[in-house]
Enquirer: 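Handing you this structure, nothing more for now.
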Amino acid sequence: MIVRLRTTARHAGIALLVLAAGPLLPAGVLAGGTAADPVAALPGATEPASLAGYDVYFGELHAHCEFSDGTGSAAGAYWSGRAAGLDFFTLSDHHNMIAPWEWAATQAAADAADEPGAFVALAAYEFGWWYHINVFAPPCLLRPPDTQGGGRETVAADEDVVAALPGAMGMFNHPTWSETGDFDDFAGLTPERDAAMELIEVYNHGDGDAEWYEPSYVKCLDAGWHVMPTAVGDTHYVDWDTEVMPYEMRTALLAPELTRAALYDAVRSHRGYATLDPDLRISFTVNGAVMGSRVARTARVLVGVQVDDPDVMVAGDAIERLDLVGAGGSVLASAEVSGHKVAWSVVLRRPASDWVYLRVTTGDGATAWTAPVWLED
């Protein structure tokens, strides 16, 4: 297999190396280098990526049942998610459609379905009238403050509500659907709001009306937020994964064990990625730190990538391209690859971008987007 570096006018590059057939080894590349600055002179340039002892768990973070505008019972929804082979499943009914007793019933159904080590059931709700935010681990059911007295709801007020909830975590849902688009262009960043808003949907299946939000993800990161991307079904049907309407998108979380506490810690640490392939395993590191980390910006930044799809008989699952994406959506480096298991390492010369994430393209198109690693001076 040959891996070829693609370059842009702003990011020149030098050659990689040829990989023999069989188990794949990392390819090394210097992005922004010259012929006088060889890869071989860079210690660790072919260091492979690592999951650092974490396992990868695949699941759903956005779904509805009969308590709001979905169908079927809460218990049936959790059963359906587990029957579909998910590691975790979340019910997130609309806050303005559920009564306190229904919220209590959702929590009870989640507790009954939860089996640490085998299946994690999460209870959340979709908060907001004009701006939808999934709230995970909330201590109570709430209403947006600016609507109770007839006033106009604002993004900032909703974000502040989430920030004021001890232990709660928020997700920007289907960003361009919000009242003003992209949550007022993510302009209301404060340290408190940034600490509360942990996730953003980069893909929402919408019961077949699928939407991709990578430009919103980039805009959010450019605005300074620390979030990880998710791919969700937003299903309103209790039969979560059927042949009639298959849901293959997943949010993948890196955690040491399959428990609520471990998954919530992964969310808070932004250790995860969005994928449209249900079992695509990705390791993405920067200077040895896993996705979601914050690392010091160094003169040469080592990026390690490993991508593995076990469905080797599915042609559309073959990995074709890897992109490192930075500020403004610019491609800092990329590689054309071929196969179901690939590895790649890149050295970036003191990138100006404050963050970088990995985008994976397969034969089916753009397929996965990782959490960034943030570069700090």
Side-chain angles (χ1 to χ4, degrees), residues 57-129 131-145 147-148 153 158 161-162 164-171 173-174 196 198-199 201 204-207 230 232-242 245 247 250-251 253 258-268:
Y57 298 108
F58 297 90
E60 172 63 90
L61 292 175
H62 189 167
H64 302 272
C65 74
E66 64 188 4
F67 285 156
S68 62
D69 57 348
T71 59
S73 68
Y78 287 116
W79 178 90
S80 175
R82 182 167 185 171
L86 299 184
D87 295 314
F88 60 92
F89 183 86
T90 309
L91 269 181
S92 55
D93 281 300
H94 294 278
H95 80 280
N96 56 321
M97 296 183 180
I98 54 177
W101 74 265
E102 291 171 316
W103 171 239
T106 300
Q107 292 176 302
D111 289 342
D114 193 68
E115 184 180 344
F119 178 74
V120 170
L122 305 176
Y125 51 76
E126 191 165 11
F127 176 72
W129 300 78
Y131 309 93
H132 289 187
I133 296 172
N134 264 18
V135 182
F136 301 89
C140 57
L141 183 64
L142 293 171
R143 295 288 187 267
T147 60
Q148 296 182 32
E153 178 189 10
D158 287 355
V161 168
V162 180
L165 295 174
M169 297 161 283
M171 177 170 73
N173 289 356
H174 36 71
E198 309 285 19
L199 307 153
E201 292 180 357
N204 183 301
H205 191 72
D207 287 333
T230 64
V232 304
D234 196 2
T235 178
H236 291 67
Y237 298 96
V238 69
D239 49 344
W240 186 86
D241 193 12
T242 69
M245 185 177 287
Y247 290 82
R250 303 284 191 271
T251 297
L253 296 175
L258 185 56
T259 63
R260 282 183 187 169
L263 295 188
Y264 282 153
D265 180 68
V267 169
R268 292 187 180 96

Enquirer: For residues Tyr78 and Arg82, determine if any side-chain heavy atom of one lies less than 4.5 Å from a side-chain heavy atom of the other.
Expert: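 Result no, sub-4.5 Å side-chain heavy-atom pair not found.
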Enquirer: Would a 4.5 Å heavy-atom cut-off, applied to side chains only, mark Phe67 and Trp103 as touching?
Expert: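 No, their side chains stay 4.5 Å or more apart.
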Enquirer: Measuring only between side-chain heavy atoms, which start at C-beta, is Val162 closer than 4.5 Å to Met169?
Expert: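 Val162 does not reach Met169 side chain to side chain.
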Enquirer: How close do Cys65 and Asp93 get, heavy atom to heavy atom, and via which atoms?
Expert: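 Scanning both residues, the minimum pair turns out to be N-OD1, 2.9 Å.
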Enquirer: May I ask you to decide if Glu60's main-chain N or O and Thr90's side chain share a donor-acceptor pair within less than 3.5 Å?
Expert: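 Present.
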Enquirer: Looking only at heavy atoms, what is the nearest atom pair of Pro138 and Ala168, with distance?
Expert: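 Looking at all heavy atoms of both residues, the closest pair is CA-CB, 4.4 Å.
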Enquirer: Side-chain contact, heavy-atom cut-off 4.5 Å: Leu258 with Leu263?
Expert: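 The answer is yes, as the side chains (C-beta and beyond) meet within the 4.5 Å cut-off.
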Enquirer: Distance-only, no hydrogens or angles: does the His64 side chain make a donor-acceptor pair with backbone N or O of Ser92 under 3.5 Å?
Expert: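 Yes.
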Enquirer: Return yes if some donor-acceptor pair links the side-chain N/O of Tyr125 with the main-chain N/O of Asn96 below 3.5 Å, else return no.
Expert: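 Absent.
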Enquirer: When rounded to the nearest 0.5 angstrom, what is the spacing between CG in Leu122 and CD in Gln107?
Expert: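 Output value for this atom pair is 12.0 Å.
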Enquirer: Do the side chains of Glu102 and Met97 get nearer than 4.5 Å, heavy atoms only?
Expert: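 Side chain of Met97 against side chain of Glu102, heavy atoms only: no contact under 4.5 Å found.
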Enquirer: Side-chain contact test, heavy atoms from C-beta onward, threshold under 4.5 Å: evaluate it for Asn204 versus Asn173 and give yes or no.
Expert: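 No. Closest side-chain heavy atoms not under 4.5 Å.
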Enquirer: Quick one: ring-ring contact (aromatic ring centres under 6.0 Å, His included) partners of Phe136, sequence neighbours excluded?
Expert: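 Per chain and number, Phe136 pairs via ring-ring contact (aromatic ring centres under 6.0 Å, His included) with no residue.
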Enquirer: Can any side-chain N or O of Asn134 pair as donor or acceptor with the backbone N or O of Leu61 at less than 3.5 Å?
Expert: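 Yes.
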Enquirer: Provide the closest heavy-atom pair for Ala77 versus Phe89 in the form atom of the first, atom of the second, distance.
Expert: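 Ala77 and Phe89 have their closest heavy atoms at O-CE2, 3.6 Å.
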Enquirer: Is a side-chain donor or acceptor of Glu201 paired with a backbone partner of His174 at a separation under 3.5 angstrom?
Expert: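 Yes, because the side chain of Glu201 sits within donor-acceptor range (under 3.5 Å) of the backbone of His174.
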Enquirer: Can you check whether Leu86's main-chain N or O pairs, donor with acceptor, with Arg250's side chain at less than 3.5 Å?
Expert: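 Side chain of Arg250 to backbone of Leu86: no pair is present.
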Enquirer: Compare every heavy atom of Ala75 with every heavy atom of Ala109, then report the nearest pair and how far apart it is.
Expert: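 Smallest interatomic distance, heavy atoms only, reads CB-N, 4.0 Å.
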Enquirer: Could you state the interatomic distance from CZ (Phe127) to CD1 (Ile133), rounded to the nearest 0.5 Å?
Expert: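 The CZ atom of Phe127 sits 7.0 Å away from the CD1 atom of Ile133.
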Enquirer: Is a side-chain N or O of His95 found less than 3.5 angstrom from the main chain of Glu126, in a donor-acceptor match?
Expert: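 Yes, because the side chain of His95 sits within donor-acceptor range (under 3.5 Å) of the backbone of Glu126.
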Enquirer: For Phe88, which residues count as a ring-ring contact (aromatic ring centres under 6.0 Å, His included) partner, sequence neighbours excluded?
Expert: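 So Phe88 forms no ring-ring contact (aromatic ring centres under 6.0 Å, His included) with any residue.
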Enquirer: Trp79: what forms a ring-ring contact (aromatic ring centres under 6.0 Å, His included) with it, not counting sequence neighbours?
Expert: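 Trp79 satisfies ring-ring contact (aromatic ring centres under 6.0 Å, His included) with no other residue.
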Enquirer: With no hydrogens and no angle check, is any side-chain donor or acceptor of Thr71 less than 3.5 Å from a backbone partner on His236?
Expert: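 Flag set: sc Thr71 to bb His236 pair under 3.5 Å.
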Enquirer: Using 0.5 Å steps for rounding, measure from the NE2 atom of His132 to the CG atom of Asp234.
Expert: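 Result: 9.5 Å between the selected atoms.
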